[in-house]
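Reviewing the structure listed below.
On a predicted model such as this, the values are computed, not experimentally measured, just so you know. The sequence lines fix the lettering, A, B, ..., with proteins before strands; numbering per chain opens at 1.
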Amino acid sequence: MVDGAGGSIGQRLGRDFFARDPDVVAYDLVGSIMSVRDADGLVAVRIVETEAYGGADDAASHAFAGPTDRCRVMFGPAGHLYVYRVYGVHWCVNVVTGIEASASAVLVRAATYLGPQTSNPVQPPRPSLRGPGNLTRALGVTGADNGSDCCSTTSRILFHAGSSDADRPEVSVSGRVGVSRNALRPSRYYATGHRDVSRFVAGRARGEGIAKTHPTA
DNA sequence: CCGCCGATCCTCT
DNA sequence: GAGGATCGGCGGG
């Protein structure tokens, strides 16, 4: 169990959590915890923004044209990471969702830095995790993590529930950021008003605040 | 606040 | 050969 400035970390999220509709998973991941282990130890962040992709009708999804070398992981079982390079510069990290071969995933777009905790009163500066490229850079997530399982106790990268329902923020929904096709699909979920939600690049996200309810509600 | 731009390189057509 | 599931910097209103 790991503690961070945002509270203790709850139970690890298992395969069943991810083997659901990507929009439901994307909604539920807002407010939950992602942890990354490396040689220096374990770092935890609280997710504040996600985006759902996939389904047969989603022209914005990398999987839309069928399995390719890049997106093949999306066609595999849920609970594995899909990491790809964007604009030749940044990495983006997704978790595969849904039933196998449904080729759906959730992009982790932004988070708040929680740990590591130190007894030193002088805390290290908190890196910005605002935006998918900033998040992967700060956490050291790269293409080497593509395809890796994130549901095993031995996994380098894991997801956890928040410690309590009180941690669950109000969630807003909007169209998606930075895509040209199917951009209006309301599949971007974010903690309402949170300072670490990504800024809108490549044009503002459209359809802001069109829903504030759980996708299945 | 808003929009444009370059960096940089891989993927798919 | 075109176009990115991005970002930081710059300039204008």
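A pairwise comparison of heavy atoms in L81(A) and C150(A) identifies CD2-SG, 3.9 Å as the closest pair.
Closest approach to the N134(A) side chain among dT13(B), dC7(C), dC9(B) is made by dC7(C) (side chain taken as heavy atoms from C-beta onward). Considering only side-chain atoms of T68(A), the nucleotide from dA5(C), dC12(B), dT6(C) that sits closest is dC12(B).
Distance, E51(A) CD to dG4(C) P: 15 Å, rounded to whole Å. Atom CE of M74(A) and atom P of dC12(B) are 12 Å apart (whole Å). Note: CZ (R85(A)) to C1' (dG3(C)) measures 17 Å, nearest angstrom. Protein atom CG of D69(A) is 12 Å distant from nucleotide atom P of dT13(B), rounded to whole Å.
Evaluation of atom-type donor-acceptor distances gives a pair under 3.5 Å for the side chain of Y84(A) against the base of dA5(C).
By the 5.5 angstrom centroid cut-off and the 30-degree plane limit, Y87(A) is classified as not stacked against the base of dA7(B).
For the residue pair S174(A)/R188(A), the side-chain donor-acceptor check at 3.5 Å is satisfied. A donor-acceptor pair shorter than 3.5 Å cannot be found between the side chains of Y189(A) and D28(A). D23(A) and S187(A) share a donor-acceptor pair across their side chains, judged by distance under 3.5 Å alone. Donor-acceptor pairing under 3.5 Å is lacking for the side chains of H90(A) and T136(A).
G133(A) comes within 4.0 angstrom of the backbone, heavy atoms only, and of no base. The residue N94(A) sits close to a base: some heavy atom pair falls under 4.0 Å. Here V89(A) lies in heavy-atom contact (under 4.0 Å) with a base.
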Pairing pattern in dot-bracket form [Watson-Crick, G-U; both distances under 3.5 Å; | = partner strand] for DNA chain B: |||||||.||||.
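Checked against the 6.0 Å centroid criterion, the rings of F159(A) and F18(A) qualify as a close aromatic pair.
In terms of phosphate contacts, R137(A) brings a side-chain nitrogen or oxygen within less than 4.0 Å of OP1 or OP2 of dG8(C). Of the side-chain N and O atoms in H62(A), none sit less than 4.0 angstrom from OP1 or OP2 of dT11(B). Using a 4.0 Å cut-off, no side-chain N or O of N182(A) falls inside it from OP1 or OP2 of dA5(C). OP1 or OP2 of dT6(C) has not a single side-chain nitrogen or oxygen of S198(A) nearer than 4.0 Å.
A search for salt bridge (Lys or Arg N to Asp or Glu O under 4.0 Å) contacts involving R70(A) returns nothing, not counting sequence neighbours.
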